[in-house]
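The model shown is predicted, which means the values in this text are computed figures rather than measured ones. Residue numbers start from 1 in every chain, and the chains themselves are labelled A, B, ... in the order their sequence lines are given, proteins ahead of strands. All values below were derived from every heavy atom in this structure, side-chain atoms included, with hydrogens, water molecules and symmetry-related copies excluded.
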Amino acid sequence: MELAKAYDPKSAEENHYKRWEESGFFAPEINQNPNAVKYSIVIPPPNVTGSLHMGHALQHTIMDALTRWKRMQGYRTLWLPGTDHAGISVQRKVVEQLKKDEHKKPLDIGREEFGKRAWAWKEQYGNTITEQMRREGASVDWSRQRFTMDADLSLAVRNVFCKLYEEGWIYRGLRIVNWCPKDKTVLSDLEVKEETRKDGKLTYLKYPVVGTDLTITVATTRPETMLGDTAVAVNAGDERYKHLIGKMIALPLTEREIPIIADDYVDAEFGTGAVKITPAHDPNDYLVGERHNLEQLLVMNEDATMNSLAGPEFEGLDRFVARAKVVEEFEKLGLLEKVEDYEITLPVCERCKTIVEPILSDQWFVKMDEMRDLALEMAKENVPHFSPEVPHQKVYTNWLENLKDWTISRQLWWGHQIPAWYDADGNVFVAATEEEAKGKSGGNDLKQDQDVLDTWFSSGLWAFSTFGWTGERSADTPVRMSAEHENDLAAGSGDADKSVRTPSDLETFLPTDVLVTGRDIIFLWVSRMMMLTKKFVGKRAFDDVVVTGTVLGKDGKPMSKTRGNGVDPLEMFDKFGVDATRIYLASIATGADIKWNDVGVETYRNFANKIWNATRFCLMNADNSDANASLTEFDGQHVANDPASHALADRWIISRVSKTAVAVNKALDTYQFHEAVSLLYHFFWDDFCDWYIELKKDEITAGDVAATTRIIWILDTSLRMLHPFMPYLTEELWLKLPGSSAELHNAAYREADASIMLADFPLGDVKLFDEAAEKEMSAVIDVIKKVRNIRAEMNISTAIKFTVHIAALPEMQSLFEANKAQILKLAKAENLIISDELDVPRASAKAVTNDARIAVPLEGLIDFEVERTRLANQITKLTEEKTRLDGQLSNANFVDRAPAEKVQELRDRQAELLHQIETLNNNLEALN
RNA sequence: AGUCUCUUAGCUCAGUUGGUAGAGCAUUACCUUGACAAGGUAGGGGUCAGCAGUUCGAGUCUGCUAGAGACUACCA
């Protein structure tokens, strides 16, 4: 069989995904081992409005690598996919569409029709991201795909809401909330971001004190809110204002008089020491207002224009227009003290960047006291465990300790409508259905709450609602039957015990094993899943959390549309291939941010091509039925025991591949993906391609069956280990290996059609570690490298074959003798003379290794000056190292206190250096 | 303001209980060697941001300084 000369990712990518999916390889049911341990991951559901970005690609790569790795090990794996209804995002898309196509507003078509449009939008555009995930090679079980607004997930939402309400963990109340005037909805604290503005102003307003000619100066960044002031507060201990406490202020621009009050909240040292109090527009002022029983005067509409309470002069004005007008009016009245430039951080809406207005509003909240304790208790036991642990473990715990109540209502139409109904008197009835609510109300006419729930409310249930939990008290959780059981029923095997109940997904797959996600939603999502899963299922949602870093643009800034520094994963797939992009992403240290660079992906594109070509070489010579036969009964022990594998290079590569396998598994176990990638990269390229294939070329080309079989086993093992990162390339190649078949699958998958994704993942075998072989091989490699160095430094063409002399101790002599052919081949030498002492003419280039003195007679070719420089350079280098060691070893403190092993190690090295330096010095003298 | 992270070769980054500084790319020289020029061979290049400390020994631990960044809170 002959492969194309270069790897073409496109064709491999088109060849396999559909077959994998249609064969049911992604579903846990493919696993035929009834005792298989489960391994489960739920995907952080991307927004239905979303399309694949680099952050997804990174996280999906990690989740897929873990899933494929565990699946190959024989676990019953499930990676569950799905999407999130993304309240505000979808709503905005539909509003835009409506405006563009029909010049209508949502109110023109009504809530019901709007809902239909939103669903239609979801149907039409919502699968963009799922199609892109197929391109990525994500081995998710599509048969279990979920959407946060699926009927059963919505039922779960309503039941959770009702339960929490009954227990008093959900309440409705008047609080200062974050209001986005553009989206016209309330936002949770976590949906508000900060933006620093340098052009802020701090305005000092003078308020006249009634019955005096005094004024009191307050400073504000939002002058328009003075229209809603209901007091001025000072610190009780502030001598400047003590005499004014209790007096009234004639609030300018209004007809109102407001009191001067004393409150500890005011810091006498800060600003003027006097603070205007606007209880309906500021959280701190709200608290002050509560303490002093102040009126709460809301002076804005929901679109942030001023309302009638702001006075006729201001009613209808936008908040910023009103702000300018207030300042202007104060100036006219001579009550404007000054306006200072002031750098200010403003709260802005995470999505639309509109400045958020804190206002007093009636909303639904989740009380966080008990919720926090649920999560905190687990957090103290390091559940979940974060990777990387620093800083997330601590940040997570600290955040929980300072948690505030969660605003869960949203003034939107797209989402889970709050299951609360009101009668004509405003009494509230919370129930999962309208009928139930009606029953509770005694049959009155009810109107459902118009708000929907925060998208993160349903996301918080994702860990268990996706597994069929609905919270229905009678029906319990739906039972998913095993494929086997379904077949029994279909076949009508009447005596099968119908009462045998296979475990539901909920029982089987929860807790999930790991959650892979970004830093930004640890609080927003991870914490809430922990709380709600514990609360409603009594289990951990997941054991581990892998926190991925941010893939930054080439400019080192987060990728964003406005910056235009985004890199599209799909473009990378087209340019370098899916596998190269995946393994590059996996090569980023867990949790670390990284600047995107194409060169990194190119490196792995080249790696893919290297793998392709190494396989190409092996297969060119493997069309051989004997090799086929032996491959199917292959295992490492078998290869190692084969007398034909007792050559040094064979023992060495078997040891190397075993060590690599053990290390790769360990790295994956601890979520050190970059470590696994690095191990595989260097094993494959350096050990396997550069040394092993080069050494074995002749045998392979000659069609030696044992050699071919062995090299294909190494290749097979390598491809399996690479598969979690490079699924397409490895499948494409593995299926071409002689003898690859379902017989090589993990025992759990013997029935399935052949695929590397079901092959056993190499675990490595410590019994195959061969320290002697590794030591001997490096002695041989050292000699070859030295000879190559001589050739390169002396600038001797490879066309010129020379004789190499080696002097060494007797046991090393026999090692070199045994590997004569290998040394000659890779050093491109003609003769090898091994003896106790070097016996060479003066016109020779010389070198030394730990185990050998080397000389290459170069009569007529040697440039003595070059050789002197070469030797001198080596002496300098070694001497520097020796000087360091001498110093260390002559330090009595070191020798006494350092571990004896370490001291001995350095002494050995010192002896080696001494020997090598002496040898090189002799060589140098011999030239003179 | 508080908490935390980062600063290692020209560039992008590894470096897991403190014990001779690594990779990829770039760079230099040579090589159309029968898998691969997306390749091979051999090189060059770092006082690990700075200062001080602990230690026989510090990229690694502690403190401070300077830059960069993250998060949380507040900002009248």
Open item on the list: Can you tell me whether the side chain of A/T603 and the base of B/rC25 have a donor-acceptor pair closer than 3.5 Å?
Closed with: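 Per atom types, no contact qualifies.
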Less than 4.0 angstrom from a charged side-chain N to a carboxylate O is my criterion; do [X] and [Y] meet it?
| X | Y | result |
| --- | --- | --- |
| A/E830 | A/K801 | no |
| A/R605 | A/D579 | no |
| A/D8 | A/K10 | no |
| A/E340 | A/K338 | yes |
| A/E357 | A/R222 | yes |

Please state how far atom [atom1] in [X] lies from atom [atom2] in [N], giving the value in whole angstrom units.
| X | N | atom1 | atom2 | value |
| --- | --- | --- | --- | --- |
| A/K193 | B/rC74 | NZ | P | 14 Å |
| A/M620 | B/rA35 | CE | C1' | 7 Å |
| A/L680 | B/rA23 | CG | C1' | 15 Å |
| A/R870 | B/rA42 | CZ | C1' | 11 Å |
| A/I781 | B/rA42 | CD1 | P | 11 Å |
| A/Q910 | B/rU20 | CD | P | 15 Å |
| A/F684 | B/rA23 | CZ | P | 20 Å |
| A/D555 | B/rG69 | CG | P | 12 Å |

Touch class at under 4.0 angstrom, heavy-atom based, for [X] against every strand present:
| X | answer |
| --- | --- |
| A/K404 | sugar-phosphate |
| A/T798 | nothing |
| A/E880 | nothing |
| A/T221 | sugar-phosphate |
| A/Y681 | sugar-phosphate |
| A/V218 | nothing |
| A/R222 | nothing |
| A/Q888 | base |
| A/E793 | sugar-phosphate |

Options [options], nucleotide nearest the side-chain atoms of [X]:
| X | options | value |
| --- | --- | --- |
| A/R519 | B/rU20, B/rA70, B/rC75 | B/rA70 |
| A/F617 | B/rA35, B/rC25, B/rG19 | B/rA35 |
| A/N613 | B/rA35, B/rG19, B/rA38 | B/rA35 |
| A/K697 | B/rU20, B/rA35, B/rG19 | B/rA35 |

- [ ] Could you provide the dot-bracket string of RNA chain B, using ( ) for intrastrand pairs, [ ] for crossing pairs and | for bases paired to another strand, with Watson-Crick or G-U pairs below 3.5 Å?
- [x] (((((((..((((.....[..)))).(((((.......))))).....(((((..]....))))))))))))....
Open item on the list: For A/Y396 and A/F386, I'd like to know if the aromatic rings sit close, meaning centre-to-centre distance below 6.0 Å.
Closed with: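 Between A/F386 and A/Y396, which both carry aromatic rings, the centre distance is below 6.0 Å.
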Looking only at atom [atom1], what distance separates [N] and [M], rounded to whole Å?
| N | M | atom1 | value |
| --- | --- | --- | --- |
| B/rG44 | B/rA1 | C1' | 49 Å |
| B/rA9 | B/rC13 | P | 12 Å |
| B/rC6 | B/rG45 | P | 30 Å |
| B/rG59 | B/rA49 | C1' | 12 Å |
| B/rA26 | B/rG34 | P | 24 Å |
| B/rU32 | B/rA37 | P | 14 Å |
| B/rC48 | B/rC61 | P | 15 Å |
| B/rU60 | B/rU7 | C1' | 15 Å |

- [ ] Could you note down all residue pairs passing side chain to side chain donor-acceptor pair (under 3.5 Å) where residues 876-888 of chain A supplies at least one of them, sequence neighbours left out?
- [x]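 Residue pairs passing side chain to side chain donor-acceptor pair (under 3.5 Å), neighbours aside: A/E881-A/R909, A/K882-A/D886, A/D886-A/Q910.
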Open item on the list: Using a 4.0 Å heavy-atom cut-off to protein, can you give one letter per nucleotide of nucleotides 4-16 of chain B, 5' to 3': B if the base is in contact, S if only the sugar-phosphate is, - if neither?
Closed with: S-------SSSSB
Measure from the side-chain N and O atoms of [X] to the backbone N and O of [Y], and report whether any donor-acceptor pair falls under 3.5 Å.
| X | Y | answer |
| --- | --- | --- |
| A/D704 | A/E699 | no |
| A/N613 | A/R616 | no |
| A/E191 | A/S188 | yes |

- [ ] Let me know, please, whether A/I693 or A/D686 comes out on the 5' side of the other along RNA chain B by nearest nucleotide.
- [x]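 Looking at the nearest nucleotide for each, A/D686 comes out on the 5' side.
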TODO: Return the orientation label for the A/F607 and A/Y681 ring planes: parallel under 30°, perpendicular over 60°, tilted otherwise.
DONE: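 Judged by the thresholds at 30° and 60°, the geometry between A/F607 and A/Y681 is tilted.
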Working to the nearest 0.5 angstrom, can you tell me the gap between [X] [atom1] and [Y] [atom2]?
| X | Y | atom1 | atom2 | result |
| --- | --- | --- | --- | --- |
| A/E912 | A/T849 | CD | OG1 | 9.0 Å |
| A/M572 | A/L585 | CE | CG | 10.5 Å |
| A/E793 | A/D863 | CD | CG | 12.5 Å |

Task: Evaluation steps, salt bridge (Lys or Arg N to Asp or Glu O under 4.0 Å), between A/D593 and A/R519 - done: CA-CA 11 Å; A/D593 289 351; A/R519 279 190 279 275; 2.5 Å; yes
TODO: Check A/N565 against A/S560 and note the closest heavy-atom contact, atom names and distance.
DONE: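 Shortest heavy-atom separation between A/N565 and A/S560 comes out as OD1-N, 2.9 Å.
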Task: A/K877 side-chain N/O to B/rG44 phosphate OP1/OP2 under 4.0 Å - done: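 A/K877 to B/rG44 OP1/OP2: side-chain N or O found under 4.0 Å.
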TODO: Examine B/rU33: is either OP1 or OP2 under 4.0 Å from a nitrogen or oxygen in the side chain of A/K828? Give yes or no.
DONE: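 It does not, given that no N or O in the side chain of A/K828 lies less than 4.0 Å from OP1 or OP2 of B/rU33.
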Open item on the list: Expected output is a numbered-order residue list: members of residues 259-272 of chain A with a heavy atom under 4.0 Å from any atom of RNA chain B. What is it?
Closed with: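 Correct list: A/Y265, A/V266, A/D267, A/F270.
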Atom pairs, N/O to N/O, protein against nucleotides 39-41 of chain B, distance under 3.5 Å?
unit_1: B/rG39; atom_1: OP1; unit_2: A/N606; atom_2: ND2; d: 3.2
unit_1: B/rG39; atom_1: O3'; unit_2: A/K610; atom_2: NZ; d: 3.1
unit_1: B/rG40; atom_1: OP1; unit_2: A/K610; atom_2: NZ; d: 3.2
unit_1: B/rG40; atom_1: OP1; unit_2: A/W685; atom_2: NE1; d: 2.5
unit_1: B/rU41; atom_1: O3'; unit_2: A/R788; atom_2: NH1; d: 3.4

Run the side-chain donor-acceptor check on residues 781-790 of chain A: report pairs under 3.5 Å with partners two or more places apart or on a different chain.
unit_1: A/R788; atom_1: NE; unit_2: A/L826; atom_2: O; d: 3.2
unit_1: A/N789; atom_1: OD1; unit_2: A/R870; atom_2: NH1; d: 3.2

